[in-house]
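Below: one structure, written as C-alpha cells.
Throughout, residue positions are numbered sequentially from 1 according to the sequence presented.
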Amino acid sequence: MALTYSEMIELGTTAPPFDLPVANPDVDGLPGATRHIEAYASAQALVVVFMCNHCPYVHAVEDRLIALANDYAPKQVQVIAISSNDVVAYPADSFENMTARAAQKGYPFPYLYDESQEVARAYGAVCTPDFFVFDAARALAYRGRLDDGRPSKPEVTQHDLRRALDDLLETGTVPSEQIPSMGCSIKWK
C-alpha cells in the first residue's frame with residue numbers, strides 16, 4: 001500500500017466526459033449497462049469519487065460515503081463511484097467483484113468501471129478514495145477529502161465534503177481551504 005495524496009487540480013476545470021460500464025445498473029433507474037456524465041445533467045452537484053474494492057482507505061470511509069449519498073440525494077446531489085485499478089494485478093477490483101461489493105454494501109450510487117484508466121487520467125485522479133465535486137455547470141468546485149477520518153483514526157471531527165456540498169448548494173461557493181484526500185495509489189497498468 002503506497003500512501004498517496006490527491007493532486008489539487010485547478011478549480012473551475014470542466015468535468016471530463018465518461019461512458020463506462022456500471023456494476024449496479026438498477027441503482028439509479030437509468031436504462032442500459034453503461035453510464036455517461038450527461039445522464040446526470042439535472043443534478044445540482046456531481047460528486048465523482050475514484051475508489052476500489054481492496055483499499056483500506058476506501059473501507060474506512062465507505063459507510064460514511066454511503067450515508068452522504070443517501071443524505072444528499074434529496075438535494076439533487078449525484079454521487080458516482082469509479083474504479084480504475086488494474087484488475088490483473090488486483091483481482092479483488094474486478095468488475096464481477098465490484099458488482100458483488102455494490103450489492104453487499106447497498107451502494108446508493110452507480111459504481112463504474114474504468115478499464116482503460118483513461119477517465120482517471122482525465123480527472124487527474126491518483127489515489128483511492130479521490131473526491132471531485134462539480135457544480136450544476138460541471139465546473140470543479142471542490143477537490144479534497146471526505147473528512148478527517150482514517151483507517152487508524154475512525155473518529156470524525158471535520159466533515160469537509162459535507163461542508164463543501166452545503167456551501168455549494170446554499171451559496172454557490174465552497175470553502176477556499178481544501179485538504180487533499182489520501183489513500184492508496186491508483187494501480188496503473
Quiz prompt | Cluster link Ile66 to Val133, ILVMFWY, side chain under 4.5 Å | solution = yes

Quiz item: Can Leu146 be reached from Leu169 by stepping across I, L, V, M, F, W or Y side chains whose heavy atoms are under 4.5 Å apart?
Solution: yes

Mind listing the closest non-hydrogen atom pair of [X] and [Y] along with its distance?
{"X": "Tyr142", "Y": "Leu11", "result": "N-CD2, 4.0 Å"}
{"X": "Phe109", "Y": "Ala69", "result": "CD2-CB, 3.7 Å"}
{"X": "Pro108", "Y": "Asn70", "result": "CB-OD1, 3.2 Å"}
{"X": "Arg150", "Y": "Ala60", "result": "C-CB, 4.1 Å"}
{"X": "Ile37", "Y": "Ala15", "result": "CD1-CB, 3.6 Å"}
{"X": "Ile186", "Y": "Ala120", "result": "CD1-CB, 4.1 Å"}

Please check this pair: side chain of [X] against backbone of [Y], looking for a donor-acceptor N/O pair closer than 3.5 Å.
{"X": "Thr171", "Y": "Leu168", "value": "no"}
{"X": "Gln178", "Y": "Arg143", "value": "yes"}
{"X": "Gln78", "Y": "Ala73", "value": "no"}
{"X": "Asp114", "Y": "Gln117", "value": "yes"}
{"X": "Lys153", "Y": "Glu155", "value": "yes"}
{"X": "Ser181", "Y": "Pro129", "value": "yes"}
{"X": "Thr99", "Y": "Phe95", "value": "yes"}

Quiz item: What do the steps show when you test Tyr40 against Leu30 for side chain to side chain contact (heavy atoms under 4.5 Å, CB included), and what is the final call?
Solution: CA-CA 10 Å; Tyr40 304 103; Leu30 296 173; 3.7 Å; yes

Spatial distance of atom [atom1] ([X]) from atom [atom2] ([Y]) [nearest 0.5 Å]:
{"X": "Leu140", "Y": "Asp135", "atom1": "CG", "atom2": "CG", "answer": "8.5 Å"}
{"X": "Met182", "Y": "Cys127", "atom1": "CE", "atom2": "SG", "answer": "9.5 Å"}
{"X": "Asp19", "Y": "Leu112", "atom1": "CG", "atom2": "CG", "answer": "9.5 Å"}
{"X": "Ile80", "Y": "Ile82", "atom1": "CD1", "atom2": "CD1", "answer": "6.5 Å"}
{"X": "Leu165", "Y": "Glu170", "atom1": "CG", "atom2": "CD", "answer": "10.5 Å"}
{"X": "Ser116", "Y": "Lys189", "atom1": "OG", "atom2": "NZ", "answer": "7.0 Å"}

Less than 4.5 Å apart, side chain to side chain, heavy atoms only: is that true for [X] and [Y]?
{"X": "Glu62", "Y": "His59", "answer": "yes"}
{"X": "Cys184", "Y": "Tyr90", "answer": "no"}
{"X": "Leu68", "Y": "Leu161", "answer": "yes"}
{"X": "Arg145", "Y": "Asp160", "answer": "yes"}
{"X": "Val119", "Y": "Pro16", "answer": "no"}
{"X": "Trp188", "Y": "Arg121", "answer": "yes"}

Exercise. Count the heavy atoms belonging to other residues, nucleotides or ligands that lie under 6.0 Å from CD of Gln104, then report whether that count exceeds 12.
Key: yes

Self-check item: Whether over 12 other heavy atoms sit under 6.0 Å from Glu118 CD
Solution: no

Quiz prompt | Passing candidate, side-chain contact (heavy atoms from CB on, under 4.5 Å) with Tyr113, options Val22, Asn85, Leu20, Val87 | solution = Val87

Practice problem: Any salt bridge (Lys or Arg N to Asp or Glu O under 4.0 Å) involving residues 29-56? Give me the pairs, sequence neighbours left out, ordered by first then second residue. | Solution: Asp28-Arg35

Exercise. Check the pair Asp147 / Arg162 against salt bridge (charged side-chain N to carboxylate O under 4.0 Å, His left out), numbers first and verdict last.
Key: CA-CA 8 Å; Asp147 54 39; Arg162 284 179 179 271; over 6 Å; no

Exercise. Take Tyr72 and Asp166, measure what side chain to side chain donor-acceptor pair (under 3.5 Å) needs, and give me the verdict at the end.
Key: CA-CA 9 Å; Tyr72 283 85; Asp166 289 342; 2.6 Å; yes

Indicate every side-chain donor-acceptor pair of residues 44-56 with a distance under 3.5 Å to a residue at least two apart or in another chain.
from	atom 1	to	atom 2	distance (Å)
Asn53	OD1	Tyr111	OH	2.8
Asn53	ND2	Ala92	O	2.9
Asn53	ND2	Asn97	O	3.0
His54	ND1	Asp93	OD1	3.4
His54	ND1	Asp93	OD2	2.7

Quiz prompt | Evaluation steps, side chain to side chain contact (heavy atoms under 4.5 Å, CB included), between Val174 and Arg163 | solution = CA-CA 8 Å; Val174 297; Arg163 186 182 76 218; over 6 Å; no

Quiz item: How about Phe132 and Tyr123: are their ring centroids closer than 6.0 Å?
Solution: yes

Quiz item: Is the closest side-chain donor-acceptor distance between Asp148 and Thr157 under 3.5 Å?
Solution: yes

